[in-house]
Amino acid sequence: MKFVKKASLVLMIIGYLIAGANHFRSPGTYIPLIPEYLPLPELLNTIAGFFELLFGSMLMFRPTRRIAAWGIFTLLVLFIPAHVDMILKAPFKIEKLQVTPFIAWLRLLIFQPLLMLWAWWHTKED
């Protein structure tokens with residue numbers, strides 16, 4: 001089980017570093033997902049990317065790993081309104097990605113809870 005958790009941690013680190021960097025590299029992928037009722041979508045995108053990079057980096061070190069995992073869990077909770085908004089807007093297209101109602105529901109009901117569970121698992125000591 002220790003190997004599985006370590007491999008999971010490495011995947012999580014890579015995933016959040018890539019996702020965080022992508023907020024800066026391709027903001028056009030993320031900004032349309034920010035609900036219209038939230039102000040300053042460009043700033044919110046930058047903040048989300050910054051914290052994904054920060055928490056992904058913090059996961060690398062045992063002393064900061066638990067805080068980082070809780071930070072990621074909190075980010076995922078904060079992203080729930082964007083997923084609900086996606087359901088309300090679907091179907092729509094972001095760049096080359098077609099978001100159908102099925103995909104939007106899948107993200108909210110399956111993908112998001114699994115990511116939250118994954119982050120929560122890493123709040124526990126190794």
Answer whether the closest heavy-atom distance between the side chains of Trp118 and Leu11 falls below 4.5 Å.
yes
Looking at every non-hydrogen atom in both residues, tell me the closest pair between Glu95 and Gly28 and how far apart they are.
OE2-C, 3.7 Å
Going from CD1 on Ile34 to CZ on Phe79, what distance comes out if it is rounded to the nearest 0.5 angstrom?
9.0 Å
Quick check on the hydrophobic clustering: are Ile14 and Phe3 connected, directly or via other members, by side-chain heavy-atom contacts under 4.5 Å?
no
Closest non-hydrogen atoms of Asp85 and Pro35, given as atom of the first, atom of the second and distance, are OD2-CA, 3.4 Å
Carefully, step by step, assess Leu53 and Phe24 under the rule side-chain contact (heavy atoms from CB on, under 4.5 Å).
CA-CA 11 Å; Leu53 286 168; Phe24 298 97; 3.7 Å; yes
Provide the closest heavy-atom pair for Ala119 versus Ala69 in the form atom of the first, atom of the second, distance.
O-CB, 3.4 Å
Give the C-alpha distance, both sets of side-chain angles, the deciding distance and a yes or no for side-chain contact (heavy atoms from CB on, under 4.5 Å) between Leu115 and Phe111.
CA-CA 6 Å; Leu115 289 174; Phe111 191 59; 3.5 Å; yes
Spacing of CZ belonging to Phe55 relative to CD1 belonging to Ile67, to within rounding of 0.5 Å:
9.5 Å
Residue of the set Leu33, Leu109, Leu106, Leu108 for which side chain to side chain contact (heavy atoms under 4.5 Å, CB included) holds with His83:
Leu108
Do Trp105 and Ile80 land in one hydrophobic cluster if side-chain heavy atoms of ILVMFWY residues count as linked below 4.5 Å?
yes
Is the centre of the Phe73 ring less than 6.0 Å from the centre of the Trp70 ring?
yes
I need the Ile31 CD1 to Ile94 CD1 distance, nearest 0.5 Å.
11.0 Å
Spacing of CZ belonging to Phe51 relative to CG belonging to Leu78, to within rounding of 0.5 Å
10.0 Å
Count I, L, V, M, F, W, Y as connected when their side-chain heavy atoms are under 4.5 Å apart, and connections chain through other members. Are Leu38 and Leu40 then in the same cluster?
no
Sub-4.5 Å side-chain heavy-atom contact between Met116 and Trp120
no
Where Arg65 and Met60 come nearest, the two heavy atoms and their spacing
NH2-O, 3.4 Å
Quick check for you: to the nearest 0.5 Å, what is the distance between Ile47 atom CD1 and Leu54 atom CG?
13.0 Å
Kindly give the heavy-atom pair with the smallest separation between Ile72 and Leu59, and that separation in Å.
CD1-CD1, 3.6 Å
Locate the shortest heavy-atom distance separating Met86 from Phe92; write the atom from each residue and the value.
O-CE2, 3.6 Å
Is the backbone of Val4 close enough, under 3.5 Å, to the side chain of Ser8 for a donor and an acceptor to pair up by distance?
no
Can you measure from CE (Met12) to CH2 (Trp121) and round to the nearest 0.5 angstrom?
9.5 Å
State whether the number of non-hydrogen atoms from other residues, nucleotides or ligands found under 6.0 Å of Tyr37 atom OH is greater than 12.
yes
Side-chain heavy atoms nearer than 4.5 Å, only ILVMFWY residues, links allowed to pass through others: does that put Leu75 and Leu44 together?
no
Counting only N and O atoms by type, is there a donor-acceptor contact under 3.5 Å from the side chain of Lys89 to the main-chain atoms of Val99?
no
Does Gln112 use its side chain to pair, donor to acceptor, with the backbone of Leu76 at less than 3.5 Å?
yes
For the hydrophobic clusters of this structure (ILVMFWY residues joined by side-chain heavy atoms under 4.5 Å, transitively), does one cluster hold both Tyr30 and Ile18?
no
